[in-house]
*Asks:* 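Have a look at this one.
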Number of protein chains: 2
Amino acid sequence: MKKSLTDRIEQYIKVLIARSEENQIIIQRMELAETFCCVPSQVTYAIATRFTEQTGYSTESRRGGKGYIRISMLDDEQMAGGLSRRDLFMFIDSLLEAKLLSKNEEEMLKHLIINSTRQIPTDQKKQLYEAFRCALDDYTK
Amino acid sequence: MKKSLTDRIEQYIKVLIARSEENQIIIQRMELAETFCCVPSQVTYAIATRFTEQTGYSTESRRGGKGYIRISMLDDEQMAGGLSRRDLFMFIDSLLEAKLLSKNEEEMLKHLIINSTRQIPTDQKKQLYEAFRCALDDYTK
DNA sequence: TTTACCTTTGACTATGTTTGACTTTTAATA
DNA sequence: TATTAAAAGTCAAACATAGTCAAAGGTAAA
């Protein structure tokens with residue numbers, strides 16, 4: 001498969017992180033852009049799309065002289081934790097109040113959420129709740 | 001019997017998969033369309049009708065620069081157990097027909113199912129579909 | 001022959017990538 | 001302190017793919 005520039009930048013950064021001691025690297029945007037013969041904002045794009053909290057990374061940067069971009073791999077504890085059922089239900093309640101859902105729909109959803117996630121481990125459940133909220137949010141827009 | 005274009009595309013892809021190491025191929029839609037001198041959407045059609053979960057394949061794609069379509073043959077483990085999305089949707093359709101769900105509810109459910117399970121591995125997805133059907137079945141009784 | 005189900009096509013849509021001009025922030029220096 | 005230079009950020013346009021959908025064209029079964 002032919003890889004896009006963004007894919008190659010992603011891979012390069014991941015290798016650097018893998019080789020690092022602390023699971024994090026500090027780079028200069030311009031330097032990396034030169035390595036790949038591209039505009040600096042290409043690097044910004046690669047980082048923005050490939051190193052998100054969702055995918056288990058956090059970033060931090062500083063502009064100006066001695067500027068840098070730090071990319072760190074999140075450990076398990078730091079991983080974005082999803083959503084509790086309580087919060088998901090509160091979200092559904094808010095949709096009901098905003099009349100974006102009928103009472104019947106609200107009840108059905110809660111029933112489904114409770115009964116279809118019985119056998120799923122807690123952390124995966126929270127991920128699912130989160131995805132569920134996003135999908136619901138999307139649907140009611 | 002004369003083979004349709006779709007049949008020939010299907011066969012071609014199957015040969016490529018058979019020859020591959022990982023039982024999967026990555027193609028570019030346009031490239032394949034050129035190979036068969038047809039419109040790109042013909043390739044989409046061939047893939048959509050011949051490489052389904054039902055027939056033991058899964059697909060994944062990306063648009064934009066250096067876009068691709070990946071077609072993988074599912075192994076036995078991935079095939080076993082649970083419920084396909086197609087079957088779950090058929091079940092939902094039957095509830096609609098039986099007037100146990102409104103058209104609006106049917107659409108909402110399908111949207112949620114599609115969009116909240118995007119990042120879940122196939123086997124877990126099928127378990128979830130199964131649980132979802134049970135919960136729905138229960139709810140509409 | 002009619003009907004029902006594929007298949008083929010293409011116009012339109014959605015999404016992901018690359019680029020560059022312009023903006024903002026920060027450190028160094030006058 | 002004010003100015004300047006050196007970073008990084010933002011955003012929208014241009015481009016490169018893939019997806020969708022409905023109309024038109026075939027084909028086989030009844």
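Each chain gets a letter, A, B and so on, in the order the sequences are listed, and its residues count up from 1.
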*Asks:* Counting side-chain heavy atoms from CB outward, which of dA8(D), dT17(D), dT9(C) is closest to Gln28(B)?
*Replies:*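 Selected nucleotide: dT17(D).
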*Asks:* If you check the Ser61(A) side chain, which of dT9(C), dG19(D), dG9(D) turns out closest?
*Replies:*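 Ranking dT9(C), dG19(D), dG9(D) by closest atom to the Ser61(A) side chain puts dG9(D) first.
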*Asks:* Does the dT26(C) base have a donor-acceptor partner in the side chain of Arg63(A) within less than 3.5 Å?
*Replies:*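 Check fails, no donor-acceptor contact within cut-off.
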*Asks:* Measure CD1/Ile9(B) against P/dC6(C) and give the value in whole Å, please.
*Replies:*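 Rounded to whole Å, this separation is 17 Å.
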*Asks:* Side chain of Ile69(A) only, please: which of dT8(C), dT17(D), dG9(D) is the nearest?
*Replies:*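 Selected nucleotide: dG9(D).
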*Asks:* OP1, OP2 of dT10(D) versus side-chain N and O of Thr44(A): anything below 4.0 Å?
*Replies:*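 No, because none of the side-chain N or O atoms of Thr44(A) sits under 4.0 Å from OP1 or OP2 of dT10(D).
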*Asks:* Closest-nucleotide mapping onto DNA chain C: is Gly64(A) or Cys37(B) further toward the 5' terminus? I mean the 5' end.
*Replies:*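 Checking each residue's closest nucleotide, the 5'-ward one belongs to Cys37(B).
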*Asks:* Kindly compute the distance separating CZ (Phe132(A)) from CG (Leu112(A)), expressed to the nearest 0.5 Å.
*Replies:*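 Rounded to the nearest 0.5 Å, the CZ-CG separation comes to 6.5 Å.
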*Asks:* So, Thr6(A) versus Gln42(A): side-chain donor-acceptor pair below 3.5 Å or not?
*Replies:*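 Distance-only check passes for Thr6(A) and Gln42(A).
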*Asks:* Check the distance between dA22(D)'s P and Tyr45(B)'s OH and give it to me in whole angstrom.
*Replies:*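 Roughly 15 Å, once rounded to whole Å.
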*Asks:* Compare the minimum distances between each of dT9(C), dT19(C), dT17(D) and the side chain of Ser41(A), then state the nucleotide with the smallest one.
*Replies:*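 Side chain of Ser41(A) sits closest to dT19(C).
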*Asks:* Figure out the NZ/C1' separation between Lys3(A) and dT17(D), and round it to whole Å.
*Replies:*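 It is 18 Å, rounded to the nearest whole Å.
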*Asks:* Measuring from Ile47(B):CD1 to Ile69(B):CD1, what's the distance to the nearest 0.5 Å?
*Replies:*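 If I round to the nearest 0.5 Å, the distance is 4.0 Å.
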*Asks:* Rounded to whole Å, how long is the line connecting atom CG of Leu32(A) with atom P of dA7(D)?
*Replies:*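 Rounded to whole Å, this separation is 15 Å.
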*Asks:* Quick one: is the NZ or CZ of Lys3(A) closer than 6.0 Å to the six-membered ring centre of Tyr68(B), and within 45° of its axis?
*Replies:*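 Lys3(A) over Tyr68(B) ring: no.
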*Asks:* Just the rounded figure in Å: distance from P of dT25(C) to CD of Glu60(A).
*Replies:*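 From Glu60(A) CD to dT25(C) P: 17 Å.
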*Asks:* Rounded off to whole Å, could you give me the CD-to-P distance for the Gln42(B) and dA18(D) pair?
*Replies:*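 Going from CD in Gln42(B) over to P in dA18(D) covers 15 Å.
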*Asks:* Nearest whole angstrom, please: distance from the P of dT7(C) to the CG of Asp7(B).
*Replies:*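 Spelled out: CG on Asp7(B) to P on dT7(C) is 6 Å.
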*Asks:* Could you state the interatomic distance from CD (Glu34(B)) to CE (Met30(B)), rounded to the nearest 0.5 Å?
*Replies:*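 Reported to 0.5 Å precision, the distance equals 6.0 Å.
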*Asks:* Between dT9(C), dG16(C), dT7(C), which nucleotide has the shortest distance from any of its atoms to the side chain of Val39(B)?
*Replies:*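 Shortest atom-to-atom distance from the side chain points to dT9(C).
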*Asks:* Roughly, in whole Å, what's the span from CZ in Phe36(B) to P in dT9(C)?
*Replies:*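 Rounding to the nearest Å, CZ of Phe36(B) and P of dT9(C) are 13 Å apart.
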*Asks:* Among dT26(C), dA8(D), dT8(C), find the nucleotide with the atom closest to the side chain of Arg62(A).
*Replies:*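 Of dT26(C), dA8(D), dT8(C), dT26(C) is nearest to the side chain of Arg62(A).
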*Asks:* Quick one: label Arg29(B) by what it contacts on the DNA or RNA (base, sugar-phosphate, nothing), any heavy atom closer than 4.0 Å.
*Replies:*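 Here Arg29(B) touches the bases of the nucleic acid.
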